[in-house]
There are 2 protein chains.
Amino acid sequence: MSTWAPGSLFLEERVGQAGHRLTGPRLALFRAIARYPEGFTAEELRDQHPSIGRATVYRTIRLLVDLGLVCKIALPEGAPRYVVAGGGHHHHAVCIECGAVKEFRYSTVESVLGELRADVMGQIVGHRIEVYVRCGSCVDQGGRTGLAPVSTP
Amino acid sequence: MSTWAPGSLFLEERVGQAGHRLTGPRLALFRAIARYPEGFTAEELRDQHPSIGRATVYRTIRLLVDLGLVCKIALPEGAPRYVVAGGGHHHHAVCIECGAVKEFRYSTVESVLGELRADVMGQIVGHRIEVYVRCGSCVDQGGRTGLAPVSTP
DNA sequence: GTACTCATGATACTCGGTCTCAGTTGCAAC
DNA sequence: GTTGCAACTGAGACCGAGTATCATGAGTAC
């Protein structure tokens, strides 16, 4: 798994290329996002820049999601997290202790999912794989649970 | 439409066995749930029984989730759906048109996920696989989109 | 029948997110 | 440098899903 950490410059570039303005609040939010390579919540961004309006924070996040620069990760419970997308098709490993999100690519999973057609009635249009982990540093610390334990029915 | 479906008796039995009371509102909700073998939202249950309090509907759903009788399916957007669990480990195929949820079991995926340990740093504690489909009847109808299209980054 | 526990409905509240709108800003054209 | 205009902003109202609280009611054990 790679820990690809995009800078705020990457977001600036892409948003600019897409024909959107690079305003003060947006640049501030891009820099804040760059400080959370392992994922952030809207709340965390607001804490970083309390002077920026709530609506602007959510609008900016949505803009980035629309441009495919940020992925929204709907956790089983609690607020969704967002993480800067490394580009291309990938999946997420979410730490249930600290909430850190790491991307991984695993082509074997993709190819196996291709075989699912026989099992799943209808036309497959997409899929989502999320792996819940206790990340290395949380295992080391033997830390307490920050996020709720995950049930996998 | 029948007022009794196999699912409701199953829920009654299990909730009773777990030492919870089988009150009028609960039985009414169990019967309503049985009418949605392909998943339901809290809103749909409330529509079926407007006289039952909002809090009671949510409490009953949570009770069923806690007992493992119902699975909560967090869709990428919109209200979560719930579906009566068939028991055992399984995954969900969600129709993006009509919202129908079908379970599937696919042991090959499980075994492949086992190999992920090399790719994903840390201790894997769970996973979630959801496949988004257009189900047979929606493909036949060429129906309109009920849920938002799914992006798979 | 009584006492106790659990469940209920009403309602207020929280939380994440969106919508609206008047004011501001960025930027291209001149 | 200034102008005009569309894009953007912040404030705050609003929305929907879900939770908390609390007085009341229904079931159950004795």
Side-chain angles (χ1 to χ4, degrees), chain A residues 11-33 36 39-67 70-83 99 147-148, chain B residues 11-12 14-33 39-67 69-83 99 146-148:
Chain A
L11 296 176
E12 287 180 37
E13 233 173 62
R14 297 302 189 87
V15 170
Q17 279 169 6
H20 299 278
R21 288 182 186 165
L22 297 171
T23 62
R26 282 184 179 172
L27 293 177
L29 289 174
F30 294 166
R31 281 193 289 273
I33 287 171
Y36 294 101
F40 59 92
T41 62
E43 195 56 28
E44 281 165 352
L45 287 196
R46 299 221 304 123
D47 287 347
Q48 292 275 324
H49 294 282
S51 61
I52 298 178
R54 237 155 71 85
T56 300
V57 171
Y58 284 110
R59 268 189 295 242
T60 305
I61 291 174
R62 194 172 43 188
L63 174 68
L64 296 176
V65 171
D66 286 349
L67 293 176
V70 156
C71 293
K72 180 179 181 177
I73 300 171
L75 296 172
E77 46 204 280
R81 293 182 75 81
Y82 302 89
V83 63
L147 298 176
Chain B
L11 295 176
E12 286 180 38
R14 296 300 188 87
V15 170
Q17 278 169 5
H20 298 278
R21 290 180 187 165
L22 296 171
T23 63
R26 283 185 177 171
L27 293 176
L29 290 174
F30 294 167
R31 281 192 290 271
I33 289 170
F40 58 92
T41 62
E43 194 58 25
E44 282 166 349
L45 286 195
R46 299 221 304 124
D47 287 347
Q48 292 274 324
H49 294 284
S51 61
I52 297 177
R54 237 155 71 86
T56 301
V57 171
Y58 284 110
R59 267 188 295 243
T60 304
I61 291 174
R62 193 171 45 190
L63 174 68
L64 295 176
V65 171
D66 286 350
L67 292 176
L69 303 176
V70 157
C71 293
K72 181 180 182 177
I73 300 172
L75 297 172
E77 46 205 280
R81 294 183 75 82
Y82 302 89
V83 63
L147 297 176

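Residue numbering restarts at 1 for every chain, and letters A, B, ... go by the order of the sequence lines.
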DNA chain D: B:Glu43 or B:Gly24, which has the more 5' nearest nucleotide?
B:Glu43

Tell me: [atom1] of [X] to [atom2] of [N], nearest whole Å?
X	N	atom1	atom2	value
A:Ile73	C:dG16	CD1	C1'	17 Å
A:Asp47	C:dG16	CG	P	11 Å
A:Leu45	C:dG17	CG	P	11 Å
A:Leu27	C:dG26	CG	C1'	12 Å
B:Leu22	D:dA26	CG	P	17 Å
A:Arg26	C:dG26	CZ	C1'	11 Å
B:Arg81	D:dG18	CZ	P	12 Å
A:Ile52	C:dT24	CD1	P	18 Å

Write out the stems for DNA chain D, ordered by first number and formatted as range with range, counting runs of at least 3 consecutive Watson-Crick or G-U wobble pairs under 3.5 Å.
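DNA chain D stems, ordered by first number: C:1-30 with D:1-30.
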
Which heavy atom in [X] sits nearest to a heavy atom in [Y], and how many Å separate them?
X	Y	value
A:Arg26	A:Arg21	NH1-O, 3.0 Å
B:Ala28	B:His49	O-NE2, 3.3 Å
A:Ile52	A:Pro25	CD1-O, 3.7 Å
B:Phe40	B:Ile33	CE2-CG2, 3.5 Å
A:Ala42	A:Val57	O-CG1, 4.0 Å
A:Leu67	A:Ala18	CD2-CB, 3.7 Å

So, is A:His20 close to the D:dA7 phosphate, meaning a side-chain N or O under 4.0 Å from OP1 or OP2?
no

It should be established whether A:Arg46 places a side-chain nitrogen or oxygen under 4.0 Å from OP1 or OP2 of nucleotide C:dG16.
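No.
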
Select one nucleotide: of D:dA17, C:dG26, C:dG17, the one nearest the side-chain heavy atoms of A:Thr23.
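Selected nucleotide (nearest to the side chain): C:dG26.
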
Less than 4.5 Å apart, any side-chain heavy atom of [X] and any of [Y]?
X	Y	value
A:Tyr36	A:Thr41	no
B:Leu64	B:Tyr82	no
B:Leu63	B:Leu69	no

Pair of N/O donor and acceptor under 3.5 Å linking D:dA7 base with A:Arg21 side chain:
yes

Any residue of residues 53-61 of chain B with a heavy atom less than 4.0 Å from an atom of DNA chain D
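Hits under 4.0 Å, by residue number: B:Arg54, B:Ala55, B:Tyr58, B:Arg59.
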
